[in-house]
Amino acid sequence: MDLVQLQRQFVDYKTSLYHEGFLDEQFTQLQELQDENNPDFVVEVVSLFFEDSERLLNELARALEQQNIDYKRIDAHVHQLKGSSSSIGAQRVQKVCIAFRNYCEEQNVEGCLKCLQQVRHEYSLVKTKLESLFQLEQQILTAGGSFPM
């Protein structure tokens, strides 16, 4: 695949992530912070999001398995996940977290378990999509091009 095709594929793929609601304007703002002095900024920030999210999702699963569920603790974890997903523009993860927090407030274990499943699913999707976007960026750079923002 030549450079022009790669760049076109990158633009189309990135556009689809916005149209499908995976990303919002916050991701664009994150990209605008990246420059030649810090060319890996977005990948580094998103990688930290991935690490933090994995930890939070595991903690949420453990907390929901307890005999006496600490909904305040669960809500704090969901609040943190909502904030970090919002900061990178992972819109669909953020939206599930809003519903998750409502179930925490109601102390509804079934709703919380359902939302945990949904947030894991949305997280997995956005992770795969962003990894694919970063691979396309790398292919463009390896081919000697630059990628349009």
Can any side-chain N or O of Thr15 pair as donor or acceptor with the backbone N or O of Val11 at less than 3.5 Å?
yes
Short side-chain to backbone donor-acceptor contact, Ser87 and Ser84, under 3.5 Å:
yes
Could you tell me whether Glu105 and Lys72 make a salt bridge, using a distance below 4.0 angstrom between a side-chain N and a carboxylate O?
no
Salt-bridged, Glu51 to Arg55, with N to O below 4.0 Å?
no
If only side-chain N and O atoms count, and only distance matters, is there a donor-acceptor pair under 3.5 Å linking Glu54 with Tyr123?
yes
In Å, rounded to the nearest 0.5 Å, how long is the span from [atom1] of [X] to [atom2] of [Y]?
X	Y	atom1	atom2	result
Lys129	Ser124	NZ	OG	10.5 Å
Asp52	Leu81	CG	CG	8.0 Å
Cys97	Leu116	SG	CG	10.0 Å
Cys115	His121	SG	NE2	13.5 Å
Thr142	Leu3	OG1	CG	10.5 Å
His77	Cys104	NE2	SG	10.0 Å

When clusters are formed by joining ILVMFWY residues with side-chain heavy atoms under 4.5 Å apart, either directly or through shared neighbours, do [X] and [Y] land in the same one?
X	Y	value
Val119	Leu56	yes
Ile98	Ile88	no
Leu141	Val4	no
Leu60	Tyr103	no
Leu130	Val43	yes

Apply side chain to side chain contact (heavy atoms under 4.5 Å, CB included) to the pair Val109 and Tyr71, showing each step before the final yes or no.
CA-CA 9 Å; Val109 69; Tyr71 287 97; 3.4 Å; yes
Does [X] reach the side chain of [Y], with side-chain heavy atoms less than 4.5 Å apart?
X	Y	value
Leu125	Phe22	yes
Gln31	Lys14	yes
Asn38	Glu44	yes
Gln9	Leu136	yes
Thr28	Glu32	yes
Val46	Phe134	yes
Leu133	Phe10	yes

Considering the options Gln94, Gln91, Arg92, which one meets the side-chain contact (heavy atoms from CB on, under 4.5 Å) requirement together with Glu122?
Arg92
May I ask you to check whether over 12 heavy atoms, not counting those of Gln117, lie within 6.0 Å of atom CD?
no
Does atom NZ of Lys114 have more than 12 heavy-atom neighbours, drawn from other residues, nucleotides or ligands, at distances under 6.0 Å?
no
Which heavy atom in [X] sits nearest to a heavy atom in [Y], and how many Å separate them?
X	Y	result
Asp35	Asn37	OD1-N, 3.0 Å
Ile74	Phe100	CG2-CE2, 4.0 Å
Ala63	Ile69	O-CG1, 4.0 Å
Gln34	Phe41	OE1-N, 3.4 Å
Val126	Ala90	CG2-CB, 4.3 Å
Ser85	Val93	CB-CG1, 3.7 Å

